[in-house]
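Notes follow the structure.
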Number of protein chains: 2
Amino acid sequence: MAHRTIRRADSPEGNRSELAGDAIRRIMQVASTIQQDQEADITRLGLTPAVARALYELDPDRPLPARELAEQLRCDRSNVTALVDRLETAGLVERRIDPADRRQKSLVVTTAGRRVRVRVHQAMSDSRLLAGLSDQEISDLRVLVTKMSDCGCPEVGEAE
Amino acid sequence: MAHRTIRRADSPEGNRSELAGDAIRRIMQVASTIQQDQEADITRLGLTPAVARALYELDPDRPLPARELAEQLRCDRSNVTALVDRLETAGLVERRIDPADRRQKSLVVTTAGRRVRVRVHQAMSDSRLLAGLSDQEISDLRVLVTKMSDCGCPEVGEAE
DNA sequence: TATTGTTATACTCTATAACTATA
DNA sequence: TATAGTTATAGAGTATAACAATA
């Protein structure tokens, strides 16, 4: 209480850290709303969110080994097995043993998989929340958010 | 293919919807990074993310019935039972039967709960991703994101 | 009859550890 | 021995349905 910075009112017209805190909370709230909308779209495609994300991260033009997909999803290899099981059952992805290293299995997106993947990409790129913003505001927003992700780019300092 | 809008290059210098799609994807990526950081902080407090969010949504100055907490968390009442069980076991929240309507139980944040809740709030308000932005940029970002959430405010049209 | 909180149950998502087949 | 993928298992999170107590 004693070592509190002086501030004006309830709205964060005050110092940087209050403004920043408010911005972060609002970003997370907006992201939560967007995610709910996206998950509804994904469900309509007959996929679960995690399966859709796996399909989204796969490169239709360059088959990935499962290990690499796990890295992109930032999850354990064991999960990828289950996700690819479901994608394969749905006919969207095929496993092919890599002849060069028979331990690896390449994940190949099928023709049907490509079609569904486009719709997943659309679902993940669309939001009604931008409807009230001008072209210039959307452009500004994009620049600022890009600046944030550039700042966070390091997996640096994560000594391991 | 035939009905595609003409565009210049790979970076979305093109039309509004491409810029918007890029902005949405970047927002979600940034939110994901922030969430990972926040969950690490929450774990250090000895809480799980869902339990921390429940504590965060409770009002220390006005005990809520469990049903109302479920509405704020946008989840089923049955989940709240389990979350409050854990908060009560940890000594952070107490259930009190409402004398006015003995079906309801008010959720009261304890003194220890208040202390932890402050730290949860801090964890949810802080992000290293804003480090590279100027005060003005943070302010602009906050305005734009607020405009997004205002746009999404309606639970309107959700006929139910 | 309707509502509050609870219980039982099930599914998704994720992690760890142990296994196999390759290298 | 090290790595890729798999399996078994467990915990967190969430949803639905049925139930007891209360209104």
Side-chain angles (χ1 to χ4, degrees), chain A residues 32 35-36 38-58 63-90 93-108 120 160, chain B residues 32 35-36 38-58 63-90 93-108 120 160:
Chain A
S32 169
Q35 193 166 33
Q36 282 175 26
Q38 290 182 347
E39 290 187 2
D41 286 349
I42 293 298
T43 300
R44 264 174 240 122
L45 293 177
L47 303 174
T48 65
V51 171
R53 179 155 293 279
L55 179 59
Y56 176 80
E57 294 290 349
L58 286 172
L64 301 180
R67 181 191 55 72
E68 213 169 309
L69 177 57
E71 281 165 12
Q72 282 182 236
L73 294 173
R74 299 173 186 281
C75 77
D76 193 83
R77 296 195 305 280
S78 60
N79 299 314
V80 169
T81 298
L83 296 174
V84 174
D85 279 349
R86 287 195 271 173
L87 284 169
E88 203 165 33
T89 301
V93 165
E94 282 178 21
R95 289 173 164 102
R96 290 197 199 146
I97 292 173
D98 181 344
D101 181 346
R102 294 179 46 78
R103 292 174 301 182
Q104 291 193 20
K105 296 185 184 173
S106 294
L107 304 177
V108 181
V120 169
E160 202 259 334
Chain B
S32 170
Q35 192 166 33
Q36 283 174 25
Q38 290 183 346
E39 291 187 1
D41 287 348
I42 293 299
T43 300
R44 265 174 240 122
L45 293 177
L47 302 175
T48 64
V51 171
R53 179 155 292 278
L55 179 59
Y56 175 81
E57 294 290 349
L58 285 173
L64 300 180
R67 181 191 53 74
E68 213 169 308
L69 177 58
E71 281 165 12
Q72 280 181 238
L73 294 172
R74 295 174 189 281
C75 77
D76 193 84
R77 296 195 306 278
S78 59
N79 299 314
V80 170
T81 297
L83 296 173
V84 174
D85 279 350
R86 287 196 271 173
L87 285 169
E88 204 166 32
T89 300
V93 166
E94 283 176 20
R95 290 173 164 104
R96 290 196 198 147
I97 292 175
D98 182 343
D101 181 346
R102 295 179 46 78
R103 290 173 304 182
Q104 292 192 19
K105 295 185 186 172
S106 293
L107 305 177
V108 180
V120 169
E160 200 258 333

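Proteins come first, then strands; the chains are lettered A, B, ... in the order of their sequence lines, and each starts at number 1. No experiment lies behind these values; they were computed from the predicted model shown. Quick note: numbers below take in every heavy atom, side chains included, and nothing from hydrogens, waters or symmetry partners.
Comparing B:Ala100 and B:Val51, the nucleotide of DNA chain D nearest to each residue sits closer to the 5' end for B:Val51. Along DNA chain C, the nucleotide closest to A:Cys75 and the one closest to B:Leu64 are compared, and the more 5′ of them pairs with B:Leu64.
Rounding to whole angstrom units, CD of residue B:Glu88 and C1' of C:dT6 are separated by 13 Å. For A:Ile97 and D:dT3, the CD1 to P distance is 21 Å, given to the nearest whole Å. Taking atom CD of A:Gln35 as the reference point, atom C1' of C:dC13 lies 13 Å away to the nearest angstrom. In this structure, the CG atom of A:Asp85 is 7 Å from the P atom of D:dT7, given to the nearest Å. Distance CG (B:Asn79) to P (C:dA8): 16 Å, rounded to an integer number of Å. Residue B:Asp98 contributes atom CG, which lies 17 Å from atom P of C:dT3 at whole-angstrom precision. Straight-line distance from the CG atom of A:Leu83 to the P atom of C:dC11: 17 Å, rounded to whole Å. Here D:dA8 presents its P atom at 17 Å from CZ of A:Arg77, a figure rounded to the nearest Å.
Nearest to the side chain of B:Arg86, among C:dT6, D:dT14, D:dG13, sits D:dG13. Nearest nucleotide to the side chain of B:Thr81, out of D:dT6, D:dA15, C:dT7: C:dT7.
The two atoms that bring B:Leu107 and B:Ala66 nearest to each other are CD1-CA, 3.9 Å, heavy atoms only. Nearest heavy atom pair, residue B:Asp98 against residue B:Ser106, reads CB-OG, 4.4 Å. Minimum interatomic distance between A:Val93 and A:Val84 (heavy atoms only, all atoms of both residues): CG1-CG1, 4.3 Å.
Remark: side-chain polar atoms of B:Glu39 are not paired, donor with acceptor, to backbone N or O of B:Pro49 under 3.5 angstrom.
Interface residues of residues 40-48 of chain A facing DNA chain C, ordered by number: A:Thr48; criterion, heavy-atom separation under 4.0 Å. For the segment residues 101-108 of chain B, residues with any heavy atom less than 4.0 angstrom from an atom of DNA chain D are, sorted by number, B:Asp101, B:Arg102, B:Arg103.
Residues B:Gln72 and B:Leu64 form a side-chain contact, since some pair of their non-hydrogen atoms from C-beta on lies under 4.5 Å apart. Here the side chains of A:Leu83 and A:Leu73 are in contact, with some heavy-atom distance below 4.5 Å. The side-chain heavy atoms of B:Ile42 and B:Val120, taken from C-beta on, include a pair separated by under 4.5 Å.
Taking a 6.0 Å sphere around CZ of A:Arg95, one finds it holds more than 12 heavy atoms contributed by other residues, nucleotides or ligands.
Atom CZ of A:Arg96 sits about 15.0 Å away from atom CD of A:Gln104, to the nearest 0.5 Å.
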